Amino acid sequence: MAQKPRSDTHRLGKPLKRAFFDRSVHEVAPDLIGTTFLVGGVGGIIVEVEAYHQTEPAAHSFNGPTPRNQVMFGPPGFSYVYRSYGIHWCVNFVCEAPGSASAVLIRALEPTHGLAAMRRRRGLGDEQSLCSGPGKLCEALGITIAHSELPLDRPPIALYARSETPEIDIGMRIGITKAVDLPWRYGVKGSKFLSKRFPS
DNA sequence: CAGGTGATGCCCT
DNA sequence: GGGCATCACCTGC
């Protein structure tokens, strides 16, 4: 029998304001660790993210604005959803001043809200694998391209401040082929809900 | 548990 | 037409 969901015992913090994202992506990314991310009331605690910035070739914005990535060049506090490998969706939060074209990729959640809905969408019972990857968490939360370019402080999206400050691991980003040596991946130290363990 | 690989859509050159 | 900010499943240790 699975352990009791954490949502039974922990309270949500204050809603994040859109101004939270009007800072350097390198400040926002680690600050997002431990916050709660819900879509339509379903989601959990962010345990892993990566930062991307226009000045670095792994970013979708590196080659300038296109129809797909235009939201990255707009104001902070909006979602950017793209299709990955033709199969999965991945979600980012746009950061910094308009034109900086930086964003935080949400890579893993600790599921806390709507476990039944997530299991149904994922076709899985294993709680540890529900949201342990950028494509997995989008499937669990029902995120598609229809959720791109939406404000992060209005329904159906909700973000809540962390109630405790977790110990944070920092490492190289995963699954990319360019700018592989930038340590722009952040995660909750020792979390069982990461997409991959941080090297010790 | 680590490593290799096929599936699959679409953006951009 | 090339190249992916991935996942699940298979192998072999």
Side-chain angles (χ1 to χ4, degrees), chain A residues 21 24-26 28-30 32-33 37 39 43-44 46-74 76 78-96 100-111 118-150 152 168-188 190-200:
Chain A
F21 298 95
S24 163
V25 71
H26 304 297
V28 176
L32 277 171
I33 298 297
F37 174 38
V39 176
I46 296 177
V47 298
E48 181 185 342
V49 301
E50 284 174 358
Y52 287 86
H53 193 278
Q54 184 183 12
T55 53
E56 148 271 306
H60 287 175
S61 53
F62 181 66
N63 288 313
T66 69
R68 178 178 72 153
N69 66 22
Q70 59 164 328
V71 66
M72 285 189 73
F73 291 82
F78 286 81
S79 59
Y80 164 48
V81 178
Y82 69 93
R83 199 186 270 286
S84 177
Y85 290 89
I87 303 172
H88 311 286
W89 300 104
C90 295
V91 62
N92 295 253
F93 299 161
V94 175
C95 294
E96 303 192 25
S100 72
S102 66
V104 178
L105 172 68
I106 311 303
R107 287 196 56 90
L109 308 179
E110 174 180 343
M118 289 193 263
R119 281 195 240 269
R120 186 172 61 248
R121 289 166 176 158
R122 293 272 295 124
L124 281 181
D126 176 19
E127 182 177 336
Q128 259 181 241
S129 308
L130 277 182
C131 298
S132 60
K136 297 180 192 178
L137 75 90
C138 282
E139 184 173 40
L141 273 58
I143 295 172
T144 71
I145 192 65
H147 296 85
S148 196
E149 311 191 22
L150 296 182
L152 299 175
I168 294 179
D169 262 337
I170 302 177
M172 307 307 173
R173 296 176 298 182
I174 291 180
I176 56 174
T177 56
K178 304 165 192 161
V180 294
D181 51 351
L182 297 179
W184 291 1
R185 175 177 178 231
Y186 303 89
V188 174
S191 171
K192 294 170 286 192
F193 301 94
L194 299 172
S195 69
K196 194 175 181 187
R197 300 177 71 104
F198 281 77
S200 43

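Chain naming here is simple, since letters A, B, ... match the order of the sequence lines and numbering starts at 1 in each. All figures in this text were calculated on a predicted structure; none of them were measured in a lab.
We find that CZ of R121(A) is positioned 17 Å from P of dC7(C), with the value rounded to whole Å. Summarising the geometry, the separation between CD1 on I176(A) and P on dC4(C) is reported as 11 Å, rounded to the nearest angstrom. The separation between N69(A) atom CG and dA5(C) atom P is 12 Å, rounded to whole Å. Between the P atom of dA8(C) and the CG atom of L137(A) lies a distance of 12 Å, rounded to the nearest Å. If you measure from atom CG of L105(A) to atom P of dA5(C), you get 10 Å, rounded to the nearest angstrom. Spacing between atom CE of M172(A) and atom P of dA5(C) amounts to 18 Å, rounded to whole angstrom units. What separates CG of D126(A) from P of dC7(C) is a distance of 14 Å, to the nearest Å. Nucleotide dT6(C) holds its P atom 10 Å from the CD atom of E48(A), rounded to whole Å.
Annotation: proximity of residues 58-65 of chain A to DNA chain C (heavy atom, distance under 4.0 Å) is found for A58(A), H60(A), numbered in ascending order.
Residues meeting the ring pair (Phe, Tyr, Trp, His ring centres under 6.0 Å) test with H26(A), sequence neighbours left out: W184(A). For A108(A), the side-chain contact (heavy atoms from CB on, under 4.5 Å) partners two or more places apart in sequence, or in a different chain, are V47(A), E48(A). Partners of R83(A) by side-chain contact (heavy atoms from CB on, under 4.5 Å), not counting sequence neighbours, listed by chain and number: W89(A). Shown here are the side-chain contact (heavy atoms from CB on, under 4.5 Å) partners of F198(A), two or more places apart in sequence or in another chain: D169(A), R185(A), L194(A). With sequence neighbours left out, F21(A) forms a ring pair (Phe, Tyr, Trp, His ring centres under 6.0 Å) with F93(A). E96(A) meets the side-chain contact (heavy atoms from CB on, under 4.5 Å) test with S24(A), V25(A), H53(A), S100(A), S102(A); sequence neighbours excluded. For the ring pair (Phe, Tyr, Trp, His ring centres under 6.0 Å) test, no residue two or more places apart in sequence or in another chain qualifies with F78(A).
In terms of phosphate contacts, K178(A) brings no side-chain nitrogen or oxygen within less than 4.0 Å of OP1 or OP2 of dA5(C). The side chain of R107(A) contributes an N or O atom lying less than 4.0 Å from OP1 or OP2 of dT6(C). Between R68(A) and dG9(B), a side-chain N or O to OP1/OP2 separation shorter than 4.0 Å is absent. Residue T177(A) places at least one side-chain N or O closer than 4.0 Å to OP1 or OP2 of dC4(C).
Two rings, from H60(A) and Y82(A), have their centers less than 6.0 Å apart.
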- Which dot-bracket string describes DNA chain C (Watson-Crick N1-N3 plus N6-O4 or O6-N4, or G-U N1-O2 and O6-N3, all under 3.5 Å; [ ] crossing; | other strand)? ||||.|||||||.
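Heavy atoms of R122(A) sit under 4.0 angstrom from primed sugar atoms or phosphate atoms, though from no base atom.
Among the nucleotides dG9(B), dT6(C), dC4(C), the one closest to the side chain of P134(A) is dT6(C).
A donor-acceptor pair under 3.5 Å is absent between the side-chain atoms of S195(A) and the main chain of G133(A), judged by distance alone.
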Check nucleotides 10-13 of chain C for protein N or O atoms closer than 3.5 Å to its own N or O atoms and list the pairs.
none

Considering only nitrogen or oxygen atoms on both sides, find all protein atoms under 3.5 Å from nucleotides 1-8 of chain B and state each distance.
unit_1, atom_1, unit_2, atom_2, d
dT8(B), O2, Y85(A), O, 2.5

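Among N92(A), I106(A), I174(A), V104(A), the single residue meeting the side chain to side chain contact (heavy atoms under 4.5 Å, CB included) criterion with E50(A) is I174(A).
Here CZ of R122(A) is found 11.0 Å from CG of L141(A). Values are rounded to the nearest 0.5 Å.
Screening residues 54-65 of chain A for salt bridge (Lys or Arg N to Asp or Glu O under 4.0 Å), with sequence neighbours left out, gives E56(A)-R173(A).
Here the closest heavy-atom approach between residue L130(A) and residue P111(A) is recorded as CB-CG, 4.0 Å. Contact record, C138(A) with V91(A): SG-N, 3.7 Å, taken as the closest heavy-atom pair.
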